[in-house]
Amino acid sequence: MFSRILIANRGEIALRIIRAARELNIEAVVVFSEADRHAPYVRLADRAICIGPAPAKQSYLKTDAIISAAEVANVDAIHPGYGFLAENANFAEMCRDCQIEFIGPSVESMRLLGDKVACKELAIKHKVPTFPGSKGKVESEDEALKVAHKIGYPVIVKASAGGGGRGMRVAHNDIALRSGLLNAVSEAEAAFGDGTVYIEKFLERARHVEVQVIGDKHGSVMHLFERDCTMQRRHQKLIEEAPCPVLDEKTRDALCKSAVRLCKAAGYYSAGTVEFLLDDATKQFYLLEVNTRVQVEHPVTEAITGVDIVKTQIKVAAGEKLPFRQAQLKINGHAIECRVNAEDTDRNFAPQAGRLERFTVPGGPGVRVETHCAAGYTIPPNYDSMIAKLIVHSNTRDEAIARMQRALREFDVAPNKTTIPLHRRLLNNSKFVQGDVDIHFVERLLGGDLPARD
Ligand code: ADP
């Protein structure tokens, strides 16, 4: 096992990894930017190294500074968390070159799965359902039109290097496709330095369902069932739950096995997530992408399976075998997570940086709070606005919803505006309670199209 690891991240996930390391008797070194010097979690680490000024480009994304810190602290491994460098195969390669273990999959798996066109080709080869669309990348307008006529509108143009919803355009006709293609290509070139795009059928009413996988370096890949992340706004997840409330056993089995097949084909180890869109009406699911890292919403899976994903990720990186077999994993109860962001939901979700005068978190049975914040902490304006994750676990979905409603009422944050009132509204909405939602539900609700029951 490692004796010391470096955490190349900040906020709640840095704290989560410190805790996992402690329980494994591993020393935890954190890096921090000048803006995070006084963050409570920095004090909890065994060692903390400042790597630069507040902007992420000059600190948390600065690979040479992070590798230098790792060398100075003499660590065995680096945990990248999520975001920042977590899916950067070049960084993983730098770690490998410096003989520092990257706590994640291999450089090759990251490159293969991070390229959406290559990932889709691999999926097709291994009979993982994908959306009908172009065979690989689309080279010209004529080709795009031909594909669209073949599969029928609406279609979506997507960037092969895509991420964060960038480089995507939906088209309902030829004119929209022509301009969408141009825009997607130039957006992808600007954002990722790679203008490669592909086309697929656009599913109007879908749920976002994803499978948590975990593999070791001995060839085992298993799944930890699925999460439903349909409650999103502008591709940002707001509420996640496990298991998916509308999945029957047959579909669940096919979905989870598809995810494992794809990851096995990519030689995957570590924790990862295979994302799908699910057509509620036909029960058909289609691959979206693979995230080669731990995700924000991993705690709901931990709650229903009892598996500590971060500790397992560290253990497999150190070469250990997975300590369970697929048949031993069972779904136990229902878990829900609400992302508490410091945002003003009435002002287009404007970030609410600044000092937290009050910050009292809920507790009691079945409640878990993952946060790096405390009263008196000043939220820096430079990073993500998520200040806490509130997770509840109970025997049934109805009980979990009731538990989340009471936990949200206990959560007291001031003066910064947060997403807590929106979560309370969503948790009370009869459509959400019935599980009758799709990925555009929250946006429709905020636009006032659907009746809200507050
Ligand atoms: P990114 O990596 O940029 O997040 P994804 O492939 O995960 O890109 O897609 C992001 C979101 O775009 C999905 O959650 C979904 O809302 C929408 N989307 C992507 N592909 C399709 C599709 N074929 N049909 C309908 N919606 C889609």
Side-chain angles (χ1 to χ4, degrees), residues 82-83 86-89 110-124 128-134 137-138 144 147-148 150-172 176-177 180-181 183-185 187-211 226-240 244 259 262 272-282 284-293 295-297 339 384 437-444:
Y82 54 71
E87 292 185 282
N88 185 323
M110 285 172 83
R111 290 226 164 96
L112 176 60
L113 297 171
D115 177 333
K116 291 190 183 188
V117 166
C119 178
K120 194 169 173 180
E121 279 167 1
L122 187 71
I124 292 168
V128 173
T130 57
F131 283 106
S134 54
K137 59 180 176 180
V138 164
V147 174
K150 191 168 162 226
I151 61 176
Y153 287 106
V155 300
I156 181 166
V157 185
K158 296 170 77 170
S160 186
R166 279 170 304 175
M168 287 194 310
R169 289 291 183 283
V170 179
H172 286 81
L177 179 58
L181 189 66
N183 291 335
V185 169
E187 197 172 298
E189 256 161 17
F192 317 110
D194 175 2
T196 307
V197 295
Y198 62 107
I199 290 184
E200 60 188 25
K201 182 82 186 166
F202 180 73
L203 187 60
E204 304 258 18
R205 209 188 123 86
R207 295 185 79 103
H208 175 113
V209 184
E210 58 185 35
V211 180
E226 82 285 355
R227 296 183 284 263
D228 187 310
C229 314
T230 303
M231 299 291 278
Q232 19 179 291
R233 176 186 164 270
R234 296 204 181 147
H235 308 316
Q236 299 295 314
K237 296 166 186 168
L238 282 167
I239 300 175
E240 301 102 340
C244 167
L262 181 60
T273 298
V274 185
E275 297 191 329
F276 296 92
L277 285 184
L278 173 76
D279 185 339
D280 225 353
T282 63
Q284 185 56 57
F285 54 86
Y286 306 91
L287 174 72
L288 266 184
E289 63 167 340
V290 182
N291 287 327
T292 56
R293 55 175 166 84
Q295 284 192 301
V296 173
E297 59 271 27
R339 295 190 188 192
D384 194 89
V437 294
D438 64 85
I439 46 179
H440 305 295
F441 174 78
V442 175
E443 276 153 19
R444 282 201 303 275

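Both counts, for ligands and for their atoms, begin at 1 and track the order of listing. Note that the numbering runs from 1 along the sequence shown for the chain.
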Note to self: Are any of the N/O atoms on Phe202, whether in the backbone or the side chain, positioned under 3.5 angstrom from an N/O atom of ligand 1?
What the structure shows: no
Next item on the list: Please confirm whether Lys158 comes under 4.0 Å of ligand 1, counting heavy atoms of the residue only.
Entry: yes
Check: Using 30° and 60° as the class limits, which term best fits the ring planes of Phe285 and Phe276: parallel, tilted or perpendicular?
Finding: perpendicular
Checklist line | Distance from atom 15 (C) of ligand 1 to nearest protein heavy atom, with residue and atom | finding: Ile439 CD1, 3.9 Å
Notebook entry, point to check: Are any non-hydrogen side-chain atoms of Leu262 and Leu287 less than 4.5 angstrom apart?
Noted result: yes
Margin query: Which residue and atom name correspond to the protein heavy atom nearest atom 18 (N) of ligand 1, and how close is it?
Written below: Ile156 CD1, 4.0 Å
Do any side-chain atoms of residues 189-200 form donor-acceptor pairs under 3.5 angstrom with protein atoms, and if so which ones, sequence neighbours left out?
residue: Asp194; atom: OD1; partner: Thr196; partner atom: N; Å: 2.9
residue: Asp194; atom: OD1; partner: Thr196; partner atom: OG1; Å: 2.6
residue: Glu200; atom: OE1; partner: Lys120; partner atom: NZ; Å: 2.9
residue: Glu200; atom: OE2; partner: Lys158; partner atom: NZ; Å: 3.0

Notebook entry, point to check: Hey, looking at atom 9 (O) of ligand 1, which of Met168, Glu87, Glu289 has the closest heavy atom?
Noted result: Met168
Notebook entry, point to check: Given that the side chain starts at C-beta and the backbone is N, CA, C, O, which of these parts of Phe131 lies under 4.0 Å from ligand 1, counting heavy atoms, or is it both or neither?
Noted result: side chain
Notebook entry, point to check: With a 4.0 Å cut-off on heavy atoms, is Gly165 touching ligand 1?
Noted result: yes
Notebook entry, point to check: So which of Lys116, His235, Glu275 gets nearest to atom 8 (O) of ligand 1, if we judge by its closest heavy atom?
Noted result: Lys116
Note to self: On a heavy-atom basis, I'd like to know which of Leu288, Asn291, Val290 is closest to atom 13 (C) of ligand 1.
What the structure shows: Leu288
Next item on the list: Taking only Lys NZ, Arg NE, NH1 and NH2, and the carboxylate oxygens of Asp or Glu, determine whether Glu210 and Arg227 approach each other closer than 4.0 Å.
Entry: yes
